[in-house]
Amino acid sequence: MSNTVLTVEDLSVTFALHGSEVHAVRDMNFTLTEGEILAVVGESGSGKSQAFLSIMGLLAKNGRVTGNAMLGDVNLVGMDKVKLDAYRGKDIAMIFQDPMTSLNPSLRVRTQLSEVLVKHRGFDKEKAVLAAIEMLERVGIPEPAKRSNAFPHELSGGMRQRVMIAMALLCQPKILIADEPTTALDVTVQAQMLDLFKSLTEDFGTALVLITHDLGVVAGIADRMMVMYGGRAVEKGKVDDLFYDPKHPYTLGLLHSTPHIAHRAARLDPIQGLPPSLEHLPKGCSFNPRCAFRFERCLAERPPLAPAGEGREKACFYEGELNYEKVA
Amino acid sequence: MLGYALRRVLSAIPIALIAVSVCFFILRLAPGGPFDGERALPPLVLANLRAHYSLDQPLVVQYFIYIWRLLHGDLGPSMVIEGFSVSRLIAIGFPFTLTLALTAFVIATAIGLLAGMVAAVNQNKWPDYVLVLAVMIGVIIPNFLMAALLQLWFGVHLGWFPAGGWVTGSWMHLVLPVTVLAWPHAARISRLMRGSMIEILGTNYVRTARSKGLGERLVLARHAIKPALIPVVSYLGPGLSYLLTGSLAVEQIFGLPGIGKYFVTAALNRDYGIVLGTTILYMFIILALNLIVDLVYAWLDPKVRYR
Amino acid sequence: MAGITGKDAVLTDYANRLATLEAPKGRSLTQDALRRLSNNKAAVVSIVVLALIVIIAFVGPYFVPWTYSQVDWTAIRKPPDFDKGHFFGTDQNGRDMLARVLQGTQMSLIVAGVATVVSVAIGVVYGAVAGYFGGRVDAVMMRIVDIMYALPYILFVIILVVMFGRNPVLLFVGIGAIEWLTMARIVRGQTLTLKEKEFVEAARAGGAKPWTIITRHIVPNLTGPVVIYATLTVPEIIIAESFLSYLGLGVQEPQTSLGTLISFGAPVAEVLPWMLMAPAGVLITMLLCLTYIGDGLRDALDPKDR
């Protein structure tokens, strides 16, 4: 259970914008082991999606990526697109945020599923369609044979996301990246979807990267989590550790701005201020303008991501106790 | 799909009828008639002529006579070219016009689609800039000026192609007219295709297709081209009708034996029969083209069928 | 010819934008667009060049030694001759080409102006009435527009030529009279949204008559689309006019237009190239400028398009 399937080292993503360079992701490092669920958490613009799009070779044209993303002993970063196509969809698959627009509206579900098997497994068309129908059933779509004939717009949002999941899992990839897979769905459907993720990844031994801004989702299924801010990872560790004992002020802030039904707080405490613009990151620690615990060093120097207890890391100079009262 | 097609056909019929009526009355209510020649005709001859063409009847009666004939596929007699029915003139001239327009249409659409795709895939690289220039020339220079310039350069100066006229079966004579007709059409198609393709290449579902590792060729062929065609297809119908009407002018300029020659002369001579007949023919073609476009649209964009 | 500028698409898009915004914001949207337009170099240069052409076409004739119909018997079919003041040469009748090109440009511009005003006027009134009254009136009026869309445009122009004979003013009123369809559609859509707005409701509650509401409250709010429409219509009409004149159906001698000049110049261009080059050059420059202005407007209104 501890085979590493993906090792990401010093991954940085920059975009050329208005003649200057914007760093969307800087020096990202993590490993992913077989069958584990890693949650990547952060506000929008924190670079969490771009990091994984860059691994998949899906950056926009003005984007550039450096570093390594080792899938076994091949480096996906900087790989020629033609070679990359041998891995994308087969060993590493991705599910996108908006199931409404992520399926091709002019092709039948059947076609969109079966083409993956034709390409990567060399199935002939009929066999591929049969396998696709089987997978649709596996992800809980009723009457899969009939639904496979439908066009995407004939399916509900939840159904479409199930189709996306089926599509991603067809080749039983080693890694599945799910970018905000539940954000666009109804709350009731969200829970079903998370259960589905959990059971499927267990069955197939697939490692799941769950990109989300919703800590509720993380609490439900993830094993480990990585919190991102301003393009950098600021805290990493087991979900339980981070939830019960956050060591970075930003993680603390995130936790307190998430509603809990169980202990109904009198009010929610959003983190003060706005997420930083990646074009104008503050000097020193990127979080300093919004941080209640900052001191002089935070304004001058950027804290590195350093080990902080067993199996966890944080990027913060503050060593005292994080007192929530001080935030509020 | 079949029900949708049937509904569309049925709804086109009243439009056709009304449009015929509009043309008929506009033309008839206009001052002047086919026999107001340079020399006044003797009154008796004029009266006989008018009676012969039913022009002495009340307008409404003439209208019903016309519609009745039309329903039997008869477009009536020409009033200036003696002894020729409008249907016969159309039978003589229209096949040529249609050949010219369709040749230009097929060539231009093929070139336009291909150029648009190549430019979209190579956005802001040299193929894209070449296309932008070619589109600009095609869209800006009016067809008669383009014809004059091509005649001058390729016809007179270089002598590669005949500058005008027609010899049966000689495709050399068609090169310049087809170029003049096809260029603006290809330009518009490629501009539409380029824009639409760039938009589609940025959609989430193309990203999904790429994430599946299908290979860029399959991503383009299966996932991008079909939806990218939607705005282009809606232009093809009007495009072909521009080509058919544009062909009238090009025939006139290059001295080709299509319907254009008769039409312009007829308009100058107020020959109701030919003007009305040609207009009606074109109108039916345009309605039919719109219908075909709608059906192709429904095939490309499955959502349309359920409206 | 209709649609060289893609005006239907541009306008629909712009109208949709306006419709989703509140009234005061609509104005700032227009200002915003103007600011973006002024940052577009090609469009600004085009506006300047076009303005120069317009000024020269109307003022120039007073400074040129010859008039457009005057015959110089000593210079027939002569290339440009600066001593005699034939800067663009002379035609087969010994008339000064520069004077004729100026007059032709003037004529093309007047025609474009008249026809555009006519089409805007018809389109706005028709669309506003259809949109304001809605219901059955609207259905019938828009059906008529659909039918007119089905008529072959150029044939219709030629029919109008037949109708109006050779009176140039009437003829170009006629051209304008078919160019209003798109405008009518857009205005109708706008009116449908505008008439639900509070200020229209208030006017109605105050007892204003429909005509007053349309002219006082609805039409003034349509300025944006109308201006764009007018800009995009001008090149279409210039092409239509020069095409008709080329076929011999337009402006008559001794008056002239760019199309007429080109049609006279084209057959003799091998031996008297200046007779084609001057009018063709002016026509292409004008169309180029108008296209850039149109493109500039489109980009200004839809920044994400580029």
Side-chain angles (χ1 to χ4, degrees), chain A residues 49 52-53 55-62 76 79-108 111-120 149-154 160 163-164 167-168 170-171 173 176-177 179 184, chain B residues 1 4 117-128 193-194 196-234 293-307:
Chain A
S49 295
F52 290 92
L53 286 174
I55 294 173
M56 294 292 288
L58 295 173
L59 281 185
K61 272 188 185 159
N62 59 347
L76 297 177
M79 189 187 266
D80 180 65
K81 288 278 160 60
V82 179
K83 280 191 198 151
L84 190 59
D85 281 333
Y87 301 100
R88 294 198 281 198
K90 180 163 169 271
D91 295 322
I92 178 164
M94 189 155 180
I95 295 170
F96 300 96
Q97 175 168 6
D98 187 357
M100 301 295 168
T101 57
S102 294
L103 288 167
N104 192 321
S106 61
L107 294 175
R108 292 179 198 278
T111 317
Q112 301 189 49
L113 286 170
S114 60
E115 63 183 2
V116 183
L117 290 166
V118 173
K119 163 82 187 183
H120 293 298
N149 258 327
F151 286 101
H153 67 91
E154 297 170 272
R160 282 187 232 186
V163 170
M164 287 293 296
M167 196 154 78
L170 273 173
C171 290
L176 175 62
I177 300 166
D179 185 359
Chain B
M1 187 80 189
Y4 175 78
M117 275 188 263
V118 171
V121 174
N122 296 294
Q123 201 188 349
N124 297 333
K125 294 186 196 143
W126 69 264
D128 196 18
M193 188 64 187
R194 174 181 178 275
S196 144
M197 193 81 176
I198 286 173
E199 191 183 326
I200 298 291
L201 287 177
T203 58
N204 287 343
Y205 57 85
V206 166
R207 188 177 62 181
T208 307
R210 287 191 173 137
S211 81
K212 291 194 281 187
L214 296 176
E216 197 61 17
R217 194 174 302 170
L218 195 57
V219 169
L220 289 180
R222 188 178 290 160
H223 287 266
I225 292 181
K226 199 177 159 188
L229 282 175
I230 291 177
V232 180
V233 163
S234 63
V293 166
D294 283 348
L295 296 180
V296 176
Y297 215 93
W299 171 72
L300 283 174
D301 187 0
K303 270 177 259 182
V304 174
R305 285 175 227 168
Y306 301 89
R307 274 193 205 141

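In what follows, chains are A, B, ... by sequence order, proteins preceding strands, each numbered from 1.
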Visitor: Within this structure, what is the CG-OG distance for the pair L229(B) and S106(A), rounded to the nearest 0.5 Å?
Guide: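 The distance works out to 9.5 Å.
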Visitor: What pair of heavy atoms forms the shortest contact from N104(A) to H223(B), and how long is it?
Guide: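 Result for this residue pair: ND2-O, 3.0 Å.
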Visitor: For L170(A), which atoms come within 4.5 Å of any heavy atom of chain B: side chain, backbone, both, or neither?
Guide: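 Contact with chain B involves no heavy atom of L170(A) at all.
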Visitor: Would you compute the distance between atom CZ of R207(B) and atom CG of L53(A) and round it to the nearest 0.5 angstrom?
Guide: 5.5 Å
Visitor: Is M164(A) in contact with chain B via its backbone, its side chain, both, or neither, using a 4.5 Å heavy-atom distance?
Guide: side chain
Visitor: Any donor-acceptor pair under 3.5 Å linking the side chain of N204(B) with the backbone of T101(A)?
Guide: no
Visitor: With R222(B), which residues qualify under salt bridge (Lys or Arg N to Asp or Glu O under 4.0 Å), at least two apart?
Guide: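 Checked R222(B) against salt bridge (Lys or Arg N to Asp or Glu O under 4.0 Å); matches are E115(A).
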Visitor: Quick check on K90(A) against chain B: is it the side chain, the backbone, both or neither that has a heavy atom closer than 4.5 Å?
Guide: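 Neither part.
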Visitor: Chain A heavy atoms under 4.5 Å from S211(B): which part of the residue, side chain, backbone, both or neither?
Guide: both
Visitor: Counting heavy-atom pairs closer than 4.5 Å to chain B, which one of I95(A), V116(A), L107(A) comes out on top?
Guide: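 Most pairs with chain B among the choices: L107(A).
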Visitor: For G215(B) and D85(A), which heavy atoms make the closest approach, and how far apart are they?
Guide: CA-OD2, 3.1 Å
Visitor: State which residues pass salt bridge (Lys or Arg N to Asp or Glu O under 4.0 Å) with D179(A); sequence neighbours excluded, sorted by chain then number.
Guide: none
Visitor: Can you tell which of A60(A), A168(A), G89(A) has the highest number of heavy-atom pairs within less than 4.5 Å of chain B?
Guide: G89(A)
Visitor: With a 4.5 angstrom heavy-atom cut-off, is it the side chain or the backbone of L84(A) that approaches chain B, or both, or neither?
Guide: neither
Visitor: About how many Å separate CE of M167(A) and OG1 of T208(B), when rounded to the nearest 0.5 Å?
Guide: 5.5 Å
Visitor: Which heavy atom of K212(B) sits nearest to which heavy atom of Q112(A), and what is that distance?
Guide: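 Here K212(B) and Q112(A) meet closest at NZ-O, 2.7 Å.
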